[in-house]
> 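One structure follows; several queries about it will come next.
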Amino acid sequence: MQLQLRERVRQTPDALWRVEHPPVFTLGRNARPVHLRLPGAIPVIQVDRGGQVTFHGPGQIVLYTLLDLRRHRLGVRGLVDLLQQAVIDTLAEFGIPAGARSDAPGVYVDGAKIAALGLRVRNGLSMHGLSLNVRPRLSEFERMDACGYPGLVSTSMHRLGVRVDPERVATLLEARLGFLLGCPPEVVDVLPEPLIRVLARTR
């Protein structure tokens, strides 16, 4: 993401990167280590997004949004609202009523967090994005204060009784996000060219 951000030109297309991480805690630029209480053997990585501590792992959809916000006439607040709405609309497809909070980015169901947001925007270009809990191990979220809020409970679609393949959820989420951006996504099943070059240099 950092390499693409540096090398973007006006004609570079926007991109959504779908990822499923192995178990990892990430600390944003504003993160306070006190909010990561019991990491155990799970790796802890400092990253350049905003926000506090979060967990990523199998069963969770992560979408990285590499967007030219000027192209979409969006500011940071507009992007946050759009990402949250895409998640809310996707969950509604499965009968899950969800909403956002004015005091904490993310998407919530009955006060429990089901999706997290973490972004970096530089010169009108965005990196990082959102994560949605489909069926991750929720016990791992108890090792931290999600988003820096002690006692904030995390939930998942599976915990709420919706048994669904994460692949199906991700496809619907991408389509909804593309609709809200006004540019339906085109699936490309290859690594981004800059990433291929980075990997090639490590051999």
Side-chain angles (χ1 to χ4, degrees), residues 1-32 35-36 43-57 60-87 90 100 104-107 113 115-133 136 144 146-148 166 170 173-202:
M1 283 189 293
Q2 293 169 341
L3 180 62
Q4 192 192 70
L5 185 67
R6 289 197 301 268
E7 295 191 349
R8 281 189 73 113
V9 295
R10 185 177 297 274
Q11 295 78 23
T12 302
D14 294 322
L16 303 178
W17 291 358
R18 186 197 302 181
V19 180
E20 184 180 80
H21 287 293
V24 61
F25 290 105
T26 66
L27 302 175
R29 288 174 293 167
N30 304 318
R32 297 175 58 195
H35 292 303
L36 181 55
V44 180
I45 307 295
Q46 186 80 45
V47 294
D48 61 350
R49 61 166 173 79
Q52 292 281 339
V53 60
T54 195
F55 172 78
H56 295 311
Q60 183 189 68
I61 297 167
V62 178
L63 282 186
Y64 291 132
T65 53
L66 286 75
L67 306 174
D68 185 335
L69 301 189
R70 297 161 297 193
R71 185 178 292 160
H72 301 283
R73 295 184 171 87
L74 285 173
V76 177
R77 182 69 252 179
L79 177 59
V80 169
D81 291 343
L82 187 146
L83 295 178
Q84 291 176 158
Q85 192 61 52
V87 173
T90 300
V107 176
K113 192 163 195 173
L117 272 68
L119 298 168
R120 182 182 182 190
V121 176
R122 187 175 70 187
N123 298 326
L125 305 173
S126 70
M127 290 197 309
H128 300 286
L130 64 88
S131 59
L132 172 60
N133 297 338
M144 65 178 189
C147 301
L173 178 58
E174 289 172 349
R176 188 59 189 169
L177 187 54
F179 174 80
L180 293 174
L181 288 168
C183 52
E186 176 183 350
V187 177
V188 180
D189 291 321
V190 296
L191 287 172
E193 187 267 340
L195 185 56
I196 293 172
R197 289 192 283 110
V198 170
L199 293 175
R201 292 182 188 134
T202 66

> Nearest 0.5 Å, please: how far is CH2 in Trp17 from NE2 in His128?
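With rounding to 0.5 Å, NE2 (His128) is 10.5 Å from CH2 (Trp17).
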> Go through it in stages, so that I can follow the logic: the residues are Arg77 and Asp81, the test is side chain to side chain contact (heavy atoms under 4.5 Å, CB included), and I'd like the CA-CA distance, side-chain angles, deciding distance and then a yes or no.
CA-CA 6 Å; Arg77 182 69 252 179; Asp81 291 343; 2.8 Å; yes
> So, Gln52 side chain and Ala146 main chain: donor-acceptor pair closer than 3.5 Å or not?
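Side chain of Gln52 to backbone of Ala146: no pair is present.
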> Give the minimum heavy-atom separation between Arg71 and Asp14, together with the two atoms involved.
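Closest approach of Arg71 to Asp14: NH1-OD1, 3.1 Å.
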> Over all heavy atoms of both residues, which pair between Leu79 and Ser126 is shortest? Give the atoms and the distance, please.
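Result for this residue pair: CD2-CB, 3.8 Å.
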> What heavy-atom pair brings Pro23 and Pro43 nearest, and what distance separates the two atoms?
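For Pro23 versus Pro43, the nearest heavy atoms are O-CD, 3.5 Å.
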> Can you tell me how far apart CE (Met1) and CZ (Arg120) are? Round to the nearest 0.5 Å.
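Met1 CE to Arg120 CZ: 10.5 Å, rounded to 0.5 Å.
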> When Arg49 is tested against each of Leu119, Val121, Thr54, Leu117 for side chain to side chain contact (heavy atoms under 4.5 Å, CB included), which residue passes?
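Result: among Leu119, Val121, Thr54, Leu117, Thr54 is the only option passing the side chain to side chain contact (heavy atoms under 4.5 Å, CB included) with Arg49.
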> Taking all atoms of both residues into account, what is the closest heavy-atom pair of Gln84 and Val107, and its distance?
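The pair with the smallest heavy-atom distance is O-CG2, 3.8 Å.
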> Which atom names give the shortest non-hydrogen contact between Leu67 and Ala15, and what distance separates them?
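Nearest heavy atoms, Leu67 then Ala15: CD2-O, 4.4 Å.
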> Quick one: pull up CG in Leu63 and CG in Leu173 and give me the separation to the nearest 0.5 Å.
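Between Leu63 CG and Leu173 CG, I get 5.0 Å after rounding to 0.5 Å.
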> Are Leu27 and Ile45 close enough, and set up right, to give a side chain to side chain contact (heavy atoms under 4.5 Å, CB included), and what steps lead you there?
CA-CA 6 Å; Leu27 302 175; Ile45 307 295; over 6 Å; no
> Between atom CG of Asp68 and atom CZ of Arg10, what is the distance when rounded to the nearest 0.5 Å?
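Here the interatomic distance stands at 7.5 Å.
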> For atom CZ of Arg70, decide whether the heavy atoms of other residues, nucleotides or ligands shown that lie under 6.0 angstrom number more than 12.
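Buried by this count: over 12 neighbours within 6.0 Å.
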> Could you walk me through whether Leu66 and Leu125 satisfy the side chain to side chain contact (heavy atoms under 4.5 Å, CB included) test, starting with their C-alpha distance in whole Å, then the side-chain angles of each, then the deciding distance to 0.1 Å, before giving a yes or no?
CA-CA 7 Å; Leu66 286 75; Leu125 305 173; over 6 Å; no
> Indicate yes or no for a side-chain donor-acceptor contact from Thr26 to the backbone of Val44 under 3.5 Å, with no hydrogens or angles considered.
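Not at all, since once roles are kept as given, no pair shorter than 3.5 Å links the two residues.
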> Which value, rounded to the nearest 0.5 Å, describes the distance between Leu130 atom CG and Tyr64 atom OH?
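Rounded to the nearest 0.5 Å, the CG-OH separation comes out at 10.0 Å.
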> Can a donor-acceptor pair be found, under 3.5 Å and without considering hydrogens, that links the side chain of Gln46 to the backbone of Gly28?
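Confirmed, Gln46 side chain pairs with Gly28 backbone.
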> Please report the shortest heavy-atom distance between His72 and Leu181, naming the atom on each side.
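Nearest pair, atom of His72 first, then Leu181: ND1-O, 3.4 Å.
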> Please walk me through it: do Met127 and Asp48 pass side chain to side chain contact (heavy atoms under 4.5 Å, CB included)?
CA-CA 9 Å; Met127 290 197 309; Asp48 61 350; 3.4 Å; yes
> How many angstroms lie between CZ in Arg122 and CG in Leu69, if you round to the nearest 0.5 Å?
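It is 13.0 Å, given to the nearest 0.5 Å.
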